[in-house]
Amino acid sequence: MFAGKSAEEGILTTAGLSDQGLVRLQNEDHWYADAEQGVFIVSDGMGGRVAGELAARIVIEVFPSYIVQQLGDLHDLTTPVATDIVQATLVELSDLIYKESSKRPDFFGMGATLVLALIRKTHALIAHVGDSRAYLWRQEQLIRLTKDHSLMQTLLDLGQISPEEAASHPARSQITQFIGMADAIVPEIQGFALHSGDRLLLCTDGLTGMVPDDSIAEILHAHPLPEQACRQLIAAANAAGGKDNSTVVIVDWVGGA
Ligand code: CA
């Protein structure tokens with residue numbers, strides 16, 4: 001957990017927290033938050049005991065400095081150029097982890113989800129691969145920014161399953177895209193202008209699988225400090241059973257203009 005601030009064109013206050021939960025024997029989630037560079041990531045590893053944790057760790061250790069370097073002085077994250085850069089770096093990251101997974105049999109199938117928030121000046125960019133999510137809390141409304149790359153979401157889109165069935169389906173954790181997969185990934189990327197008072201939430205499915213969106217909204221409403229909100233979200237996931245690792249990053253943005 002940490003909180004940081006950067007005063008260049010807006011003030012960012014951030015916190016993150018990860019918890020093993022009550023059932024899993026280890027935590028394969030990782031998170032990263034750098035208010036100065038405006039880079040925030042949540043990643044959920046998969047592929048077995050050693051490999052899953054490693055994949056998510058590679059994501060948060062390799063990606064932040066690389067994306068900062070690739071973006072250079074580009075400040076308007078809503079431009080197509082920014083989208084292209086993020087797209088290309090995520091594809092490279094996925095290829096890198098796939099190559100690592102091919103080197104050792106015990107790393108076979110290693111991968112990780114990624115949800116990324118970039119913030120520069122008055123713009124944000126959100127990208128994701130997998131079922132870790134980004135939400136925007138704006139004017140007391142919770143807006144889900146990402147659509148899970150999951151089998152359940154595909155079946156929901158096709159109208160073949162109800163949300164209630166999806167929540168209890170045996171294959172509910174099956175994802176259709178991840179960083180490190182053999183096929184090329186197609187990250188979803190969106191840029192938008194920030195409003196003063198915006199709060200971003202990045203999280204793994206260990207939260208959203210246990211805590212419904214309206215309860216998440218209540219916690220974000222009740223806890224103006226990011227650290228407190230993170231603690232309460234994790235506590236809610238564990239109070240609901242804590243069946244998975246749960247990880248959250250919150251970013252509060254207050255603009256000058
Ligand atoms: Ca998970």
Side-chain angles (χ1 to χ4, degrees), residues 1 16-33 40-61 63 90 93-94 97-98 101 107-117 126-135 144-156 163 166-181 185 187-188 200-213 215-216 219 230-250:
M1 164 89 69
L17 189 61
S18 186
D19 191 87
Q20 190 169 320
L22 306 178
V23 175
R24 297 288 176 91
L25 296 176
Q26 73 164 26
N27 192 348
E28 297 181 0
D29 289 355
H30 279 282
W31 63 274
Y32 179 90
F40 307 89
I41 300 170
V42 160
S43 181
D44 180 348
M46 70 191 105
R49 262 181 352 105
V50 183
E53 189 275 334
L54 176 64
R57 191 147 45 86
I58 293 173
V59 167
I60 59 115
E61 285 180 359
F63 190 76
L90 286 175
L93 177 71
S94 185
I97 291 182
Y98 178 67
S101 78
F107 287 175
F108 179 76
M110 139 170 118
T113 70
L114 170 145
V115 59
L116 162 76
I126 304 290
H128 82 290
V129 178
D131 64 354
S132 297
R133 291 181 185 169
Y135 289 85
R144 195 189 298 180
L145 297 175
T146 53
K147 197 172 191 180
D148 298 346
H149 298 140
S150 68
L151 178 63
M152 287 307 109
Q153 187 62 54
T154 306
L155 294 175
L156 281 168
S168 59
H169 198 283
R172 64 185 172 279
S173 60
Q174 202 167 320
I175 60 176
T176 50
Q177 281 202 67
F178 57 91
I179 300 287
M181 69 194 279
I185 55 162
E188 280 176 64
L200 289 167
L201 166 66
L202 309 181
C203 59
T204 58
D205 67 330
L207 175 73
T208 53
M210 308 292 336
V211 184
D213 283 5
S215 301
I216 292 173
I219 291 168
C230 284
R231 278 203 191 91
Q232 290 304 313
L233 289 167
I234 298 288
N238 286 338
K243 289 182 183 164
D244 196 357
N245 313 139
S246 54
T247 300
V248 294
V249 166
I250 287 179

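For ligands, and for the atoms within them, numbers begin at 1 and follow the listed sequence.
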Picking from Ile250, Val249, Ile126, what satisfies side chain to side chain contact (heavy atoms under 4.5 Å, CB included) with Leu200?
Ile126
Under the side chain to side chain contact (heavy atoms under 4.5 Å, CB included) test against Val115, which residue among Val42, Thr204, Leu145 passes?
Val42
Residues in ring pair (Phe, Tyr, Trp, His ring centres under 6.0 Å) with His30, at least two apart?
none
Hey, which N, O or S atom on Asp244 ends up closest to the Ca ion (ligand 1)?
OD2
Among the N, O or S atoms that Asp205 has, which is closest to the Ca ion (ligand 1)?
OD1
Compare every heavy atom of Arg24 with every heavy atom of Gln20, then report the nearest pair and how far apart it is.
NE2-O, 3.0 Å
The Ca ion (ligand 1) - name of the N/O/S atom of Asp44 that sits closest to it:
OD2
